[in-house]
Amino acid sequence: MSLAERDQCTIWHPYTQMKTAALPIPIVRGDGALLLAEDGKTYVDAVASWWVNLHGHAHPYIAQKVAEQLQTLEHVIFAGFTHPAAVTFAERLLQILPQGQSRIFYSDNGSTAVEVALKMAIQYWNNLGSPKKKIIAFRDSYHGDTFGAMAVSARSAFTAPFWSYLFEVAFIDVPVAGREEESINQLRSIAEANNDIAAFIYEPLVLGTAGMVIYSPEVLDELLGICQQHDILTIADEVMTGFGRTGRTFASDYLQRQPDMVCLSKGLTGGTMALGVTSASEKVYNAFLHDDKSKTLFHGHSYTANPVACAAGLASMDLLMQEETQQNIRRIGQRHQQFAEKMQALTHVKEVRQTGTILAVEFEDGGTSYFSDLRDTLYSYGLDQGVLLRPLGNIIYIIPPYCITDAQLEQVYQTIRGMQQVVSGETHYPRPDQTVLHD
Ligand SMILES: *Cc1c(COP(=O)(O)O)cnc(C)c1O
């Protein structure tokens with residue numbers, strides 16, 4: 001049996017309809033922005049393997065640091081104990097995080113980073129003796145797949161079976177260009193009509209899963225201003241936008257106003273292993289300091305602050321701060337801009353959105369449903385061209401490792417250009433017989 005067949009006998013994949021899914025593609029090696037398949041085919045990883053990879057696959061520097069850590073200390077309980085990697089990584093994160101963040105709480109993925117922030121926010125008000133229940137979020141947001149994270153995310157087909165279990169959230173529209181006033185007014189009227197709002201959680205500047213929907217720092221500053229006026233805690237979910245994705249280290253770096261809490265994961269370890277961080281301001285942290293033990297934040301995971309994950313995070317941060325990486329981030333941004341201008345002019349292209357290293361092309365045709373045929377067609381077209389691009393419905397996006405070469409980037413652009421020809425009917429590309437993997 002081939003590896004893919006053995007997989008099919010044993011494994012239940014994420015976001016995948018196992019009945020109709022095509023055989024998964026076995027990847028046996030990674031090298032820079034390339035994934036090498038068992039059959040010898042290579043794929044340019046234009047989505048950084050679910051938005052996590054920053055510096056390329058199997059990076060030798062991260063591998064060395066991880067190996068050293070593994071041979072020194074692989075794990076230790078993080079209550080009552082600590083270790084050098086966790087402390088050093090926390091110190092270095094606080095140096096680069098948005099102003100006002102003063103404490104690092106470790107968990108092990110993006111969803112848990114969000115859960116922790118929500119629990120901090122709700123318990124903050126409890127601890128102060130004025131319980132507040134409501135959370136505000138963007139209507140199209142995505143904050144993860146655990147229950148709290150689902151609750152503050154869009155009510156979509158993905159979460160429909162669980163809607164009745166999800167706590168109530170006040171949703172406001174995303175303030176995309178031209179719709180800023182609606183969003184501001186919605187937030188203002190919710191804030192004025194309710195005095196039991198614990199927090200506002202948001203994806204700063206880019207809503208990833210919504211389809212790389214982009215909005216301006218100016219309007220986010222206004223929203224944060226309203227929250228601050230009304231004593232609403234603010235939670236920046238930088239799980240996707242963190243570590244250079246938008247051109248600056250954090251999307252929050254484009255803002256005047258800073259959040260009370262920040263959620264990090266994905267690029268946190270350069271895409272090497274699972275780690276989550278929720279940082280908090282001194283104000284939030286102080287509300288948990290008390291002689292009464294019931295004010296403690298009773299939350300933790302077995303692998304909290306895993307030393308190997310922290311070592312990967314430290315190594316990734318070393319690489320991120322190198323001038324070469326910063327140059328690459330700027331280079332990708334400039335190339336994206338040039339490509340965006342060309343794509344914008346083509347038929348069947350509804351909109352091209354770009355910020356920093358993230359670029360999205362929204363096609364007009366095919367319906368906007370995630371489950372549309374167009375999505376499967378474009379996905380398999382990309383793979384045929386040796387490029388891993390996972391469309392969100394009729395939206396195709398690039399979020400590459402920063403080490404992607406100009407030639408690889410050109411291959412990705414050519415593939416998206418080819419997709420436009422498929423959408424417009426200039427090129428005939430057959431629909432795949434089988435439904436491919438879903439995101
Ligand atoms: C991916 C993502 C999450 C969830 O992270 P996981 O590690 O997949 O649980 C949360 N928020 C945002 C903005 C994300 O993009």
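Bear in mind the structure is a predicted one, so any value in this text is a computation, not a measurement. Whatever order the structure lists them in is the order used to number ligands and atoms, beginning at 1.
- Taking 4.5 Å as the limit, every side-chain heavy atom of Ile122 sits out of range of all side-chain heavy atoms of Lys133.
- No side-chain heavy atom of Asp237 sits under 4.5 Å from any side-chain heavy atom of Phe138.
- Ion pair Glu181/Arg179 not flagged as a salt bridge, since none of the NZ, NE, NH1 or NH2 atoms sits closer than 4.0 Å to an Asp/Glu carboxylate oxygen.
- Residues Thr296 and Phe288 fail the side-chain proximity criterion, which asks for heavy atoms closer than 4.5 Å.
- In the model, Asn53 has no side-chain atom that pairs as donor or acceptor with a side-chain atom of Tyr402 under 3.5 Å.
- Salt bridge present: Arg353 and Glu362 bring a charged side-chain N and a carboxylate O closer than 4.0 Å.
- Annotation: ligand 1 has protein neighbours Trp51, Asn109, Gly110, Ser111, Tyr142, His143, Gly144, Glu203, Asp237, Val239, Met240, Lys266, each with a heavy atom less than 4.0 angstrom from the ligand.
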